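Remember, it's 1-based here, ligands and their atoms both numbered in the order they're listed. Remember, predicted model here, so these are calculated numbers, not experimental data.
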Amino acid sequence: MNNIQIAIIGAGPAGLSAALELKKLGYDDLVVFEREDEAGGTPRHCGHLGFGIFEFKRVLSGPDYAKKLAKLAIDNKIDIKLKSTLTKIEKGVLTFSTPEGIKQYRSTCTLLALGARETPRPDRLVSGARSPNVITTGTLQRFTYLQKIKPFDRAVIVGSEIVSFSAIMSAKHAGIKIEAIIEEKDEIDTFCIVKYMVKYLLKIPVFTNTKLKNINGKDKKITSVTISTKESEREIPCDGVIFTGQFIPESSIMQKSFDDFNLSNNSLYISQNFQAKSDGFFVAGNAIRGALAAFKCYFEGKKVAKSIHDFIRFKHEAEFVKIEADENISWYYPSLIDLKSPIKEHLTTLRLKKRARGVIKVLLNERVVYKKNIHAFPFVSVSIPWKHIELKPKDVIRLEFVTLPFCIFYHNILKKYAKLSSFILFLLVSPLVR
Ligand SMILES: Cc1cc2nc3c(=O)[nH]c(=O)nc-3n(C[C@H](O)[C@H](O)[C@H](O)COP(=O)(O)OP(=O)(O)OC[C@H]3O[C@@H](n4cnc5c(N)ncnc54)[C@H](O)[C@@H]3O)c2cc1C
């Protein structure tokens, strides 16, 4: 058994920036554990540009960004143990599987910065041929940028979050033709302008209100997919399927190890200081609630370092009030209010599962204490201001979203305007993009 002061699990932007900040605050007894053979996290396999603007004031590709973070950590003499996978947390003991065998550590403080992953095929319950050519964007990027493998020639992308755009770029890089993007919802899951770019500039058909019904093929080879709308079905020839988005925190270990697992967020209940109910455990980055941009996770890493510092140096003892949420909410943070810490200007920040217009309500012990009309998108966060409510330790706060009939009517009109304005914007910017 090794005793350490701070264990950070995950060497992505959140974990490494927390480690760098803690080093600055004077903590040397700190170890970062990473299951991969290189530090840097998810950006390592995102071969496109779009990283580092806010953190390093430069536009970097994912791998360059990851290398920069890893180099900073090495320059600052941060101990990173690679190929070390956290497999168990029990009674404060962290168990790792490493090439040298099982290793155990006991730490005063542990930061879980495990990131998130896209929902793979088994969890999406899609029937049809079993084939290794059914992958997620993350796997496609690993093949394309890290292993330089072209897994298939023609693929269909399932899902239309912004990450599907990343899948298109990776496919283009590998020379894979994208036959179509399909989306179950009635509109794509990101800004409408992206749809027009994909449709008219990249000439990729985008099918909304469309389900992937079956993957057709034989002997592990895919020949086509069957897609269906309410009215009809059709086949698209392809030899690969890329499932994109629906990010969920890498939280199986949290679910197994802690009682205070929050099923709404698929992560632990976390306070405004990123602190979990279990003593000495903190969570930051995408492990809290699915995917945000890398720079947000990087800055969150810095913030959690300050909270860890308060916990160790000032022996901060928290007193929590829980925030629960209904099924319309895809995630919210924080999900605990620590009454012994300053409360931020917002009670919590949330995202809805789908585009909707309605009322978001905050209930304190079943009594409505705040209401707000919102027009929400699943890719835009909504913040609930802190109303200085008197809270006691046993109180329960609940978030509810209600769609009103009038709001549905209003929402449909606004949707048409949003589509029209996005199309005009597309016409204006497309000559520049070309
Ligand atoms: C396809 C794709 C494209 C993206 N494009 C952009 C973009 O253009 N711009 C942008 O800003 N952001 C982008 N992002 C988002 C960005 O990559 C993430 O937000 C960011 O990497 C999250 O940082 P993190 O530290 O929370 O998690 P990660 O970067 O995912 O790091 C988590 C680390 O924890 C490790 N880990 C997990 N479980 C264990 C375990 N049990 N034991 C040990 N180690 C473990 C993982 O191996 C990983 O290295 C993209 C993401 C994806 C998937």
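Among protein heavy atoms, the minimum distance from atom 44 (N) of ligand 1 is reached at Arg35 N, 3.2 Å. The nearest protein atom to atom 27 (O) of ligand 1, hydrogens excluded, is given as Gly115 CA, 3.2 Å; this is a heavy-atom distance. Remark: minimum distance from atom 40 (C) of ligand 1 to any protein heavy atom is reached at Leu86 N, 3.7 Å. Shortest contact from atom 28 (P) of ligand 1 to any protein heavy atom: Thr42 OG1, 3.4 Å. Ranking protein heavy atoms by distance to atom 37 (C) of ligand 1, first place goes to Leu114 O, 3.3 Å. Atom 23 (O) of ligand 1 has its closest protein heavy atom at Pro13 CD, 3.3 Å. Among protein heavy atoms, the minimum distance from atom 12 (N) of ligand 1 is reached at Ala294 N, 3.2 Å.
Residue-ligand proximity, Asn286 to ligand 1, at heavy-atom distances under 4.0 Å covers atoms 18 (C), 19 (O), 20 (C), 22 (C), 26 (O). Each of the atoms 53 (C) of ligand 1 lies under 4.0 Å from some heavy atom of Phe247. For ligand 1, the atoms sitting less than 4.0 Å from at least one non-hydrogen atom of Ser84 are 42 (N), 43 (C), numbered in the order shown with element in parentheses. For ligand 1, the atoms lying closer than 4.0 Å to a non-hydrogen atom of Gly10 are 33 (C), 34 (O), 35 (C). Counting the atoms of ligand 1 from 1 in the order shown, those under 4.0 Å from a heavy atom of Glu36 are 47 (O). Those atoms of ligand 1 that come under 4.0 Å of a heavy atom in Thr137, given as number and element, are 1 (C). Every atom of ligand 1 is numbered from 1 in the order shown, and the set under 4.0 Å from a heavy atom of Ala113 is 32 (C), 33 (C), 34 (O). Near Ala14, with a cut-off below 4.0 Å to any heavy atom, the atoms of ligand 1 are 25 (O), 26 (O).
Considering backbone and side-chain N/O atoms, Gly285 never comes within less than 3.5 Å of an N/O atom of ligand 1. Considering backbone and side-chain N/O atoms, Phe51 never comes within less than 3.5 Å of an N/O atom of ligand 1. Considering backbone and side-chain atoms together, Ile9 places no N or O closer than 3.5 Å to any N or O of ligand 1. Where the criterion is an N or O separation shorter than 3.5 Å, residue side chain and backbone included, Gly50 meets it with respect to ligand 1. At under 3.5 Å, not a single nitrogen or oxygen of Ala116, backbone or side chain, sits near a nitrogen or oxygen of ligand 1.
Ring centroid separation for the pair Phe33 and Tyr105 comes in under the 6.0 Å cut-off. Within the 6.0 Å centre-distance limit, the rings of Phe191 and Phe379 are counted as a close aromatic pair.
Not a single heavy atom of Ala291 sits closer than 4.0 Å to an atom of ligand 1.
No side-chain donor-acceptor contact under 3.5 Å links Ser267 and Asn262. With 3.5 Å as the limit, one finds no donor-acceptor pair spanning the side chains of Gln272 and Ser341.
Summarising the contacts of atom 21 (O) of ligand 1 with Pro43, Gly12, Ala293, Gly41, the nearest heavy atom is found in Pro43. Comparing heavy-atom distances from atom 1 (C) of ligand 1 across Gln141, Glu34, Glu300 singles out Gln141 as nearest. Between Leu16, Val32, Leu292, Leu60, it is Leu292 that holds the heavy atom closest to atom 19 (O) of ligand 1.
Atom NE2 of His375 and atom CZ of Arg355 lie 7.5 Å apart (nearest 0.5 Å). One distance of note links CG of Leu112 with OG of Ser278; it measures 9.5 Å at 0.5 Å rounding. The structure places CZ of Arg121 at 10.5 Å from CG of Leu125, a figure rounded to the nearest 0.5 Å. Separation of atoms CZ (Arg289) and CG (Asn266) is listed at 13.5 Å; rounding is to 0.5 Å.
Checked by atom type and distance alone, the side chain of Ser166 never pairs as donor or acceptor with a backbone atom of Ser164 at under 3.5 Å. Judged by distance alone, with hydrogens and angles left aside, the side-chain atoms of Thr348 form a donor-acceptor pair with the main-chain N or O of Tyr333 at under 3.5 Å. The backbone N or O of Ile102 sits nowhere less than 3.5 Å from a side-chain atom of Ser97 that would complete a donor-acceptor pair.
The cationic group of Lys322 lies under 6.0 Å from the six-membered ring centre of Tyr269 and within 45° of the ring axis, placing it in a cation-pi geometry. The cationic atom of Lys81 (NZ for Lys, CZ for Arg) does not lie both less than 6.0 Å from the six-membered ring centre of Phe96 and within 45° of the ring axis.
Here Val163 has side-chain heavy atoms under 4.0 Å from ligand 1, and that is the only part of it that gets that close.
The pair Lys306-Asp310 does not count as a salt bridge, with every side-chain nitrogen at least 4.0 angstrom from each carboxylate oxygen.
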